Amino acid sequence: MRKIILAAIFLISGQSWAQTNEEIEINLKQVVDKVSTENYTVYQTSLRVYQAKESITVARMNLLPRLNLWKLASAAIEIFAGGPVGAAGGAFSIVEDIAPFLVPANWFRVSQTKLFYQADLEGYKALWANEVLTSKALYHHILLDSSLKDHILKSRNDLEKIYRIVRVRETFGGASQMVSQEIKIRLLALEEDLRALEVLISEEESLLGFMMGYPTGTRLKVSSIEMPDYDSLEHLNYEDFDFRAVDVSPEIKQFQYFIDAADYARKEVVYSFLGASSLSRGLNGGIFDSLPVQTGLGFGTGASIRIVKTQKEILKVQKKAVEETVRRSLNLLVNNYNLDVDNYKNLKNRVYLAKNGLKQLYQRIEFGENVESLQLIESSRNVIEAEVALFSVMFRFLNSEDKLSRLIFHGDYAKAKEALKRMQEEEK
Amino acid sequence: MKRIFILMIFIVNTAIAQSDITSMIVDVSKLKIEAEATLGATPYRAKEHQVIKNYFVGINEFATQIRDNSRTNRRFNSYLSGQDMAKFCSETLINIENWNQIKTNCTRNRFFLCTEDVNEYPDSKKIISETLSTDLLQIFKNTPECE
């Protein structure tokens, strides 16, 4: 009932947003909070986790006797009319309904559903973290693209200034017609860049709004963030992070739960001669549904056990592959981060030199010296390129740090526990 | 004869129960010794991280077991009634200074790099204290080794 009320609130809140078209100013904290509570994918997954939790209750309750009138009637007929195996056969045929707790396979299914629920919780944690990561990356990209837009606007103004100077020179015969054309082409290219950036920012804002659960059409305004002290950033060491990244990874833990569940699936096959279970393993249990469980002690039991064992081995291999993927991602991230630490100082220097070069050219013009127009254009281009590269590295740092935090569940990602707790409270 | 037989079963059962708790405590205290020996071996690499993790996971599992299993809980209380609380705490619980030291050593480049179980240690201690009877809890609170 509580879930239904929550779902209704979820939908109504969406509707109320849809009716407003005002600009909403958001910050990074709100992004994390809204993604945790109102992101469609996160909410769907929380409902799946709820289903997995209820599956435990279903499996546990199904251990209790249940009333199956048709089966009782057919068993009674078998007992009194002397069916194929007589009275004993009739009595045993209803054991699964009257006393399902006597069927060991049912107990193993309960244990499996508990493990699948735990696996689902880890899955939820991973998905939540990925959605937060993507949303934060989008937020950073909006800021980067907005900075680039401002920068291009400034560059356009500078270039227009150069254009005017060159036009004056052309009028008085000091420069060829080709130069002003060249500048005009660059100005038009900058206009195109500006328009493309505006569309890109709008798309990013729209996607961020979707991830935060806002309806289409909601206009978002991202607040600026405090940038780190880039000069104090140091190289990272892969070995420092290796243990934590693997230890805390929900993807790896999820596989461990599947591996543990495989043990119960094997027991289920071993004890299948005492009856097979018809209980569902829940959503995640699908990975074991294709395993051949004999309905009695037959010649196929040995092979069935070997198949379950192989399934466990497959899961172990998959877990190892996930571990290696986590390590590889970490290694790549650390390498790129360190590369950016080294490049940052260079880029900062490059921006300084490029700006200085352009400033000197302007000063020479002011003093009436003859400056090559193409040299002026080239110098202006250098400034634009250097600044764009510096901006990109600065924002790449933010994303790298965030990716690292996601891998080791640090900072905003340490809120995973709170997100899980909140979800579990809502389930109650 | 029947009474003697029942009494014997009771004694054997109690002895097994006590040995279960004793072995659990011995296991945790072994892990604690290893963790404390590793404490200063910085920077922590996989081996040190694993030793530290083993202890904190071990104490957490111990706490959870005595909380979730009423029989184990009773046995634990009965075990502690006949034991010196200071001895139990010093053998199984890492003191606050060492825990803070581990936390400091676990932090590099402003990132916490050890297992999350390190941060959950106060919760484990709280669970243990909550499983104690009123009298034992009072002793637990007044014993410096248990802080």
Side-chain angles (χ1 to χ4, degrees), chain A residues 114 118 121-122 125-126 129 226 228-230 232-250 252-253 256 260 323-324 326-327 330-331 333-334 337-338 340-341 397-398 400-421, chain B residues 31-32 34-61 63-65 67-70 72 94 98-127 130:
Chain A
K114 282 180 189 168
Q118 293 299 327
L121 284 176
E122 294 301 333
K125 196 172 157 186
E226 199 182 325
D229 178 12
Y230 292 103
S232 68
L233 292 177
E234 291 172 0
H235 274 202
L236 298 176
N237 188 356
Y238 166 79
E239 276 78 27
D240 288 342
F241 299 92
D242 177 50
F243 176 85
R244 171 86 183 179
V246 172
D247 185 63
V248 84
S249 161
I252 296 171
K253 284 183 186 168
Q256 188 53 53
D260 294 344
E323 267 180 38
E324 288 308 313
V326 168
R327 287 202 168 100
L330 176 67
N331 199 16
L333 184 67
V334 168
Y337 184 95
N338 292 344
D340 283 341
V341 169
F397 266 126
L398 290 178
S400 297
E401 280 221 351
D402 205 51
K403 277 183 192 163
L404 186 62
S405 298
R406 156 65 181 94
L407 272 175
I408 62 168
F409 277 81
H410 172 84
D412 283 331
Y413 301 92
K415 290 179 184 169
K417 241 187 265 174
E418 286 169 36
L420 274 177
K421 210 174 162 186
Chain B
L31 295 174
K32 181 191 171 250
E34 285 172 15
E36 284 183 333
T38 310
L39 195 147
T42 53
Y44 295 155
R45 290 289 175 254
K47 192 182 155 204
E48 290 79 23
H49 277 301
Q50 194 56 52
V51 171
I52 289 166
K53 178 179 174 162
N54 289 346
Y55 168 71
F56 286 101
V57 168
I59 192 74
N60 190 274
E61 280 176 358
T64 316
Q65 213 166 331
R67 180 194 61 190
D68 296 344
N69 189 322
S70 55
T72 314
I94 279 185
N98 282 349
W99 178 61
N100 282 331
Q101 186 63 50
I102 290 172
K103 279 186 72 173
T104 308
N105 293 346
C106 282
T107 309
R108 274 174 77 83
N109 290 83
R110 76 202 167 276
F111 295 108
F112 184 78
L113 302 170
C114 291
T115 176
E116 202 50 40
D117 297 275
V118 173
N119 287 328
E120 287 163 11
Y121 181 58
D123 295 337
S124 303
K125 276 171 83 172
K126 196 175 167 219
I127 293 171
E130 282 169 357

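The figures here come from the full heavy-atom set of this structure, side chains too, leaving out hydrogens, waters and symmetry mates. Proteins come first, then strands; the chains are lettered A, B, ... in the order of their sequence lines, and each starts at number 1. Since the model is a prediction, treat every value here as computed from it, not as a measurement.
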Query raised in the report: Can A:D242 and B:R45 be counted as an ion pair, charged N to O under 4.0 angstrom?
Result: no

Query raised in the report: Side chain, backbone, both or neither: which part of B:E120 has a non-hydrogen atom closer than 4.5 Å to chain A?
Result: side chain

Requested in this report: Work out which heavy atom in B:L113 is nearest to a heavy atom in A:D240; give both atom names and the distance.
Outcome: CD1-O, 3.4 Å

Requested in this report: Over all heavy atoms of both residues, which pair between A:D247 and B:E116 is shortest? Give the atoms and the distance, please.
Outcome: OD2-N, 4.2 Å

Report summary line: When rounded to the nearest 0.5 Å, the distance separating CD1 of A:I408 from CZ of B:F111 is 5.5 Å

Report task. State the CZ-CZ distance between A:R244 and B:R108, to the nearest 0.5 angstrom. Result -> 15.5 Å

Query raised in the report: Around A:K253, counting heavy atoms of other residues, nucleotides and ligands shown, do more than 12 lie under 6.0 Å from its NZ?
Result: yes

Query raised in the report: Is the NZ atom of B:K47 crowded by more than 12 outside heavy atoms at less than 6.0 Å?
Result: no

Query raised in the report: What class does the angle between the rings of B:H49 and A:F243 fall in, given that below 30° is parallel, 30 to 60° is tilted and above 60° is perpendicular?
Result: parallel

